[in-house]
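Everything below concerns the one structure shown next.
As the structure is a prediction and not an experimental result, all values here were calculated from the model. Within every chain, numbering begins at 1; the chains are lettered A, B, ... in the order of the sequence lines, protein sequences first and strands thereafter.
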Amino acid sequence: MKKAIKEIIECALNKAKDAGELELADAPDVVVEKPKDEKMGDFASNIAMTLARSERKNPKAIAQIIERHIDKGTAVLDSVEIAGPGFLNLKMSQKFFLDRFTDAVEKRNDFGESNVGQGTKILIEFVSANPTGPLHIGHGRGAAVGDALARILKKAGYDLKTEYYINDVGNQMNILGRSTWLRYLELLGSDTEFPEDHYRGEYIKDIAQLAIDQHGKEFFDKPEEECVPFFKKLAKDNILEGIKEDLSDFRVTFDNWFSEQSLYEDNSVEGAIEWLRGKGHVYDKDGAVWLKSSAFDDDKDRVIVKQTGEKTYFCSDIAYHQNKIKRGFKKIINLMGADHHGYVPRMEAVLQAMGYDKNIFKILLIQFVSLLRGGEKVAMSTRSGEFETLSDVVNEVGVDAARYYFLMRSSDAHLDFDLELAKQETSENPVFYIQYAHARICSIFRGAEEKGIQFSGNESIDLSLLVEEEEFSIIKAILAFPEVVEKSALALEVHRISHYLLDLVSRFHGYYSRHRVISDDVPLTLARLYLLDGLRITIRNGFDLMGISVPEKM
RNA sequence: GCGCCUGUAGCUCAGCUGGAUAGAGCAACGGACUUCUAAUCCGUAGGUCGUAGGUUCGAAUCCUACCAGGCGUACCA
């Protein structure tokens with residue numbers, strides 16, 4: 001939409017240049033934005049101010065020159081004004097907006113899409129929680145943000161894939177297997193000691209019970225080395241199954257589940273080390289193998305193979321990210337908890353060592369979630385196994401409210417998630433406010449049908465009957481949607497969608513209380529229904545990006 | 001010590017990558033349901049944008065220093 005405005009101004013600039021009134025040494029970048037106050041106009045440009053220096057004229061004089069050269073004979077432009085220090089304020093015609101609005105409505109579910117992504121291949125990796133226990137609320141935020149981001153980036157024209165990286169190798173897995181084995185022995189009456197650093201959650205006992213149900217006492221007398229591999233696999237598979245289920249209940253799916261183990265099986269990890277060694281980025285010291293990450297802005301060098309010969313987590317991560325790039329992704333996005341932020345510089349160092357531009361790699365840090373209940377902090381402790389799992393939270397407040405709460409704030413701000421507020425169906429809870437608007441609109445359509453008013457988007461409706469200022473305020477807000485999606489995609493900021501919808505919907509609630517949609521004036525009724533149809537589509541598409549449902553009745 | 005994030009109304013937060021008089025919701029106060037869903041709407045009040053400098057036509061936004069809170073700074077993952 002702003003493109004059209006940009007062209008009008010650029011055209012005027014060119015004419016001014018041809019007339020010799022402006023120098024315009026290099027073609028200026030025309031920025032068009034919405035004025036703060038809608039009364040000032042529909043669009044504004046600060047071009048006169050940015051040109052002030054190079055033209056050596058005061059902004060107002062430049063604005064006057066441009067204004068004179070703007071083509072006012074067209075059907076799209078109503079008026080041009082110069083305001084403040086030199087803003088050009090443009091008011092567009094009713095036709096300008098209505099033409100665009102009908103285009104938008106016709107796009108239906110596709111409304112909001114754009115092509116800023118230009119089909120760029122992106123991989124977004126998120127959640128990637130270790131399969132050692134159920135997902136907790138912090139993972140929930142990552143899941144909601146990652147999933148919504150994926151939907152937004154697709155809408156903005158990227159070729160996007162989602163991925164979950166499974167850390168199914170290493171010491172944590174051994175401890176998991178051992179924990180399960182010990183619980184197994186315990187359940188069968190053996191008097192065993194359960195170490196502090198083992199997984200103490202109830203779910204481990206459930207898995208041990210499962211082993212008993214399936215295999216009885218088969219592992220009771222066997223030595224540890226023979227048992228742990230079995231229990232490791234059993235526990236991992238079982239927990240992973242639970243994670244997949246929790247995510248699917250939370251409306252989060254992945255295109256690919258990538259196993260760390262597979263990187264060892266196909267020798268990618270060895271290969272990556274050797275490759276880096278060949279490039280001189282790796283050296284041996286104190287019996288360990290180090291990556292010279294300090295050469296690429298990391299604080300210090302990092303161990304990739306321990307003295308014991310075991311590879312570090314970081315080591316397989318190197319191979320993993322090499323693998324991602326080899327698969328042809330031009331941009332790689334990782335979501336991580338903010339407590340992992342120390343990890344960012346070394347990961348960027350690896351990519352540079354491998355000869356890639358570090359800008360193809362973007363780590364999004366998701367800040368902490370504090371769980372509250374009626375203003376009181378809920379204690380969370382992973383070690384003791386007592387914590388609010390994602391599925392507990394979802395069961396309590398519902399998927400829609402949970403997702404909305406995770407997505408309503410900028411992900412680099414701490415989030416207070418209050419269980420009481422999230423499930424309250426009051427104005428304190430914006431998710432219902434937005435859903436309510438949708439339900440209201442649907443209710444109006446039902447009412448129209450009952451009155452025998454035939455509405456179909458195809459029939460000729462006289463939209464010029466929409467003359468109320470509030471109606472245009474809604475239309476203009478609807479038309480801003482694709483741009484919101486675009487900006488949200490470029491900034492990787494999901495919360496913009498929820499703020500946008502809140503603003504959009506509040507315009508509707510105000511309009512609703514002052515104007516009746518259904519009346520005896522059938523043409524006007526149809527025109528207003530058409531407006532609401534467009535609004536309904538926008539709400540639905542917006543919530544779809546957030547993975548939130550739009551009820552037709554509440 | 002060093003690094004990352006945050007600091008805007010009593011509370012929870014926006015502020016569209018530097019623009020016009022800093023905006024919402026909640027809480028407070030006052031109004032609106034015989035009319036398409038009151039889970040709603042309308043109005044009043046509420047501010048040294050953490051502090052101090054700097055950059056320029058113009059700063060909540062960019063730079064520097066400081067203050068406060070959170071997180072990190074492993075041959076853990």
Nearest-neighbour nucleotide for the [X] side chain, [options] considered:
X        : options             : value
A/Ala439 : B/G19, B/U37, B/A77 : B/U37
A/Tyr436 : B/G70, B/U37, B/U6  : B/U37
A/Gln307 : B/C5, B/G3, B/C75   : B/C75
A/Asp286 : B/A20, B/C75, B/C13 : B/C75
A/Arg516 : B/U37, B/C4, B/U35  : B/U35
A/Thr50  : B/C75, B/G19, B/C36 : B/G19
A/Tyr433 : B/U37, B/U40, B/A20 : B/U40
A/Tyr313 : B/C5, B/A77, B/C75  : B/A77
A/Ala44  : B/C4, B/A20, B/A14  : B/A20
A/Tyr512 : B/C41, B/U37, B/C76 : B/U37

Would you call the rings of [X] and [Y] parallel, tilted or perpendicular, taking 30° and 60° as the class edges?
X        : Y        : value
A/Phe296 : A/His281 : perpendicular
A/Tyr313 : A/Tyr343 : tilted
A/Phe543 : A/Tyr404 : perpendicular
A/His495 : A/His499 : perpendicular

Please measure how far the [atom1] atom in [N] lies from the corresponding atom in [M], and state the result in whole Å.
N     : M     : atom1 : value
B/U51 : B/A59 : C1'   : 16 Å
B/A52 : B/U61 : P     : 13 Å
B/C67 : B/G31 : C1'   : 45 Å
B/C33 : B/G50 : C1'   : 46 Å
B/C49 : B/A20 : P     : 15 Å
B/U8  : B/U55 : P     : 27 Å
B/G7  : B/C41 : C1'   : 34 Å

Check every strand shown and say whether [X] touches a base, only sugar-phosphate, or nothing at a heavy-atom separation below 4.0 Å.
X        : value
A/Lys300 : sugar-phosphate
A/Asp298 : nothing
A/Ala288 : base
A/Lys553 : base
A/Gly170 : nothing
A/His495 : sugar-phosphate
A/His438 : nothing
A/Ser488 : nothing
A/Ala83  : base
A/Gly342 : sugar-phosphate
A/Phe445 : nothing
A/Asp299 : nothing

Review point. Over how many whole Å does the gap from A/Leu135 atom CG to B/A77 atom P extend?
Key: 20 Å

Practice item. May I have the distance from A/Leu490 (atom CG) to B/U17 (atom P), rounded to whole angstrom? Key: 10 Å

Please determine if [X] and [Y] form a salt bridge, counting it only when a charged side-chain N lies under 4.0 Å from a carboxylate O.
X        : Y        : answer
A/Asp416 : A/Arg409 : no
A/Lys451 : A/Asp520 : yes
A/Lys311 : A/Glu270 : yes
A/Glu420 : A/Arg373 : yes

Review point. Picking from A/His340, A/Glu163, A/Lys324, what satisfies side chain to side chain donor-acceptor pair (under 3.5 Å) with A/Asn334?
Key: A/Lys324

Exercise for review: Would you kindly check if the NZ (Lys) or CZ (Arg) of A/Arg178 is within the cone defined by 45 degrees around the ring axis of A/Tyr199 and under 6.0 Å from the six-membered ring centre?
Suggested key: no

Review point. Going by atom types alone, do A/Ser293 and A/Arg346 pair a side-chain donor with an acceptor below 3.5 Å?
Key: no

Review point. Would A/Leu529 and A/Ile444 count as a side-chain contact (heavy atoms from CB on, under 4.5 Å) if you check the C-alpha gap in whole Å, the side-chain angles of each, and the deciding distance to 0.1 Å?
Key: CA-CA 8 Å; A/Leu529 284 174; A/Ile444 293 172; 4.0 Å; yes

Between [X] and [N], is there a contact of a side-chain N or O with OP1 or OP2 at under 4.0 Å?
X        : N     : result
A/Arg528 : B/C36 : no
A/Lys423 : B/A39 : no
A/Lys306 : B/C76 : yes
A/Lys487 : B/U17 : yes
A/His499 : B/U12 : no

Revision key, fill the gap. The answer to which of A/Gln367 and A/Asn130 contacts RNA chain B further toward the 5' end, by nearest nucleotide, is A/Gln367

Review point. Toward the 5' end of RNA chain B, which comes first, A/Ser506 or A/Met40, by nearest nucleotide?
Key: A/Met40

Check your understanding: Would you write out the dot-bracket form of RNA chain B, 5' to 3', with Watson-Crick and G-U pairs under 3.5 Å, [ ] for crossing pairs, | for pairs to other strands and . for unpaired bases?
Key -> (((((((..((((.....[...)))).(((((.......))))).....(((((..]....))))))))))))....

Practice item. Evaluate whether the aromatic ring of A/Phe87 and the six-membered ring of the B/A20 base sit under 5.5 Å apart, centre to centre, with an inclination under 30°. Key: yes

Check your understanding: Is the ring centre of A/His509 under 5.5 Å from the base ring centre of B/A38, and are the two planes under 30° apart, so that they stack?
Key -> no

Practice item. Give the intermediate values and the outcome of salt bridge (charged side-chain N to carboxylate O under 4.0 Å, His left out) for residues A/Arg514 and A/Glu470. Key: CA-CA 10 Å; A/Arg514 280 183 293 274; A/Glu470 284 178 286; 2.5 Å; yes

Is there any protein nitrogen or oxygen under 3.5 Å from a nitrogen or oxygen in nucleotides 58-61 of chain B, and what are the pairs?
none

Practice item. Return the residues of residues 290-297 of chain A meeting this criterion: a heavy atom under 4.0 Å from some atom of RNA chain B. Order them by number, or give none. Key: A/Trp290

Review point. Shortest non-hydrogen contact from A/Pro430 to A/Leu502?
Key: CB-CD1, 3.7 Å

Study note, to complete from the structure: Heavy-atom nearest pair, A/Thr525 first then A/Ile518, reads CG2-CA, 3.8 Å

Review point. For the base of B/A77, is there a side-chain donor-acceptor partner from A/Asp339 under 3.5 Å away?
Key: no

Practice item. Give a yes or no on whether the ring-centroid distance for A/Phe258 and A/Tyr164 is below 6.0 angstrom. Key: no

